[in-house]
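Reviewing the structure listed below.
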Amino acid sequence: MLQRPRGTRDFLPDEMERRRAVEANLREKATRWGYREVCTPEFEELELFTIRSGAGIIGEMYVFEDKGGRKMALRPEITAPVLRMFVSEAKVLPKPLRWYYFADCFRYERPQKGRYRQFWQFGVELIGADTPRSDAEAILLADDLLRAAGIPCDLHVGHLAPMKHLLQGLELGAQAKAMAFLDKRDFDGLTPFLAGIGRDDLVPRLRDLAHARTLDELFAVTGEIPEKKRIGEIVEILDKNSLVYTLDFGIARGLDYYTGMVFEGFAPNLGAENQVLGGGAYRLAHLFGGDDVPSCGFAIGFDRLMVSLGEVKADRKVRVAICTTEEGRIRGFEVAKAFRDRGICAELDLLDRNLGAQMAHAAKAADFAVILGQREVATGTVTLKDLQSGEQKVTPLDTAVAEVAARVPR
Ligand code: ATP
Ligand code: MG
């Protein structure tokens with residue numbers, strides 16, 4: 001038997017309905033904030049992703065050569081493609097641009113629960129704004145989206161300036177290494193690394209930085225830094241909006257991308273792969289031939305969100321099963337259409353089962369049975385049976401449709 005590729009999943013209808021219900025909530029919320037959907041290709045030129053991250057990222061990607069000999073990659077993330085699109089299609093549009101996407105990404109990872117080779121992100125890019133308010137909007141929107149999805153999430157908000165300030169004496173490569181350790185909160189790895197380059201003096205300061213939970217604690221570690229005012233203003237907006245979050249200046253998120261405010265969200269009920277969201281302020285457009293436009297955004301890991309939500313049931317659509325004797329089979333199509341035309345799901349028996357077997361199936365799969373026997377066909381009526389209450393009556397088709405329609409939740 002053929003297997004699906006490692007790290008991918010199949011989704012049966014129940015699961016797809018749950019996913020679509022959550023997705024619809026996210027879209028609806030993002031729309032209310034003025035964000036509009038964009039879509040980019042599943043594959044891009046490899047260079048789009050290596051330009052920023054270097055060749056090292058190739059090991060984590062699905063890379064291939066097309067028939068024209070071009071190096072291509074399945075997208076491992078969607079921010080770079082969106083900014084590429086911005087530069088080529090939309091750079092003259094009035095700013096700021098508020099865009100969102102919901103799409104799949106591909107990474108050659110070691111699969112485990114919450115870590116897949118194909119996974120979906122719901123992401124947002126706010127392009128062309130660089131103020132404490134744009135930083136705050138991204139964070140508040142992320143919180144709103146997670147609430148709309150119904151998952152409790154611990155938001156951690158930080159800024160890269162304090163960490164970069166402490167690391168400024170190191171050469172760039174060493175800074176990147178140190179930040180990679182900090183990103184994983186890996187002080188056991190960081191300590192010997194800094195000792196090895198003669199900078200173990202930084203360890204206690206970086207520890208204090210990662211543990212700072214108030215602005216006073218933060219600036220006690222860093223002293224005066226130019227971003228002090230900006231950080232204070234972001235915090236003021238978040239606090240005035242009663243956001244529940246943790247200040248965390250140990251967030252690193254890698255050197256190659258983010259430039260200022262950074263934030264992450266964690267679902268407390270997930271295990272090792274508990275980060276459901278990551279984002280921050282960044283600059284990318286200039287790498288793709290545009291102006292150096294400041295942007296801010298985040299991506300929610302949709303699959304982790306679904307794992308965190310657990311076994312919630314999506315609202316089920318009202319279903320009508322058309323059950324017919326042999327005489328009613330042809331009329332069944334007409335009757336089903338009348339329900340469908342009113343937006344109601346109606347299914348016909350296609351298996352030549354007798355009426356009893358059809359009714360038994362309907363009792364499991366539907367909310368109403370519409371019975372078409374010899375008598376109904378002869379009189380142009382239907383028998384409508386409410387499968388929950390067991391009540392049934394003979395009525396004209398229109399009345400049956402109206403009665404079921406009245407039961408469809410709005
Ligand atoms: P991690 O440290 O868990 O690998 P990341 O920093 O690589 O995450 P981002 O690139 O910021 O993740 O992607 C944003 C979100 O997408 C993550 O917070 C996570 O929820 C989700 N995500 C990332 N990689 C995967 C994956 N392989 N499978 C499922 N979800 C993923
Ligand atoms: Mg990763």
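One is the number of the first residue; the rest follow in order along the sequence. Both counts, for ligands and for their atoms, begin at 1 and track the order of listing.
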Taking only heavy atoms of [X] into account, list the atoms of ligand 1 that are under 4.0 Å away from them.
X: R253; answer: 11 (O)
X: G114; answer: 28 (N), 29 (C), 30 (N)
X: L277; answer: 18 (O)
X: E109; answer: 24 (N), 25 (C), 26 (C), 27 (N)
X: V276; answer: 18 (O), 20 (O)

Would you say that [X] contacts [Y] through its side chain, given a criterion of any heavy-atom pair below 4.5 Å between the two side chains?
X: R207; Y: T191; result: yes
X: I231; Y: P162; result: yes
X: L93; Y: F86; result: no
X: H159; Y: F249; result: yes

Please write down residue, atom name and distance for the protein heavy atom closest to [atom].
atom: atom 2 (O) of ligand 1; value: K184 NZ, 3.9 Å
atom: atom 8 (O) of ligand 1; value: R304 NH1, 4.5 Å
atom: atom 28 (N) of ligand 1; value: Y116 N, 3.0 Å
atom: atom 1 (P) of ligand 1; value: R115 NH2, 3.5 Å
atom: atom 21 (C) of ligand 1; value: G301 CA, 3.6 Å

Do any N or O atoms from the side chain of R319 and from the backbone of C345 form a donor-acceptor pair under 3.5 angstrom? no
Closest to atom 22 (N) of ligand 1 by heavy-atom distance, out of F266, F119, F122, is F119
If you take the nearest heavy atom of each of R110, R107, R117, Q121, which one is closest to atom 10 (O) of ligand 1? R107
Between F102 and F302, does the ring centre distance come in under 6.0 Å? yes
Test of ring centre spacing under 6.0 Å for F181 and F187: no
A cation-pi test, strictly: NZ or CZ of R36 under 6.0 Å from the centre of the six-membered ring of Y100 and no more than 45 degrees from its axis. Yes or no? no
Axial cation check for F49 ring with R75, 6.0 Å and 45° limits: no
Would you check the N or O atoms of Q275, main chain and side chain alike, for any that come under 3.5 Å of an N or O of ligand 1? yes
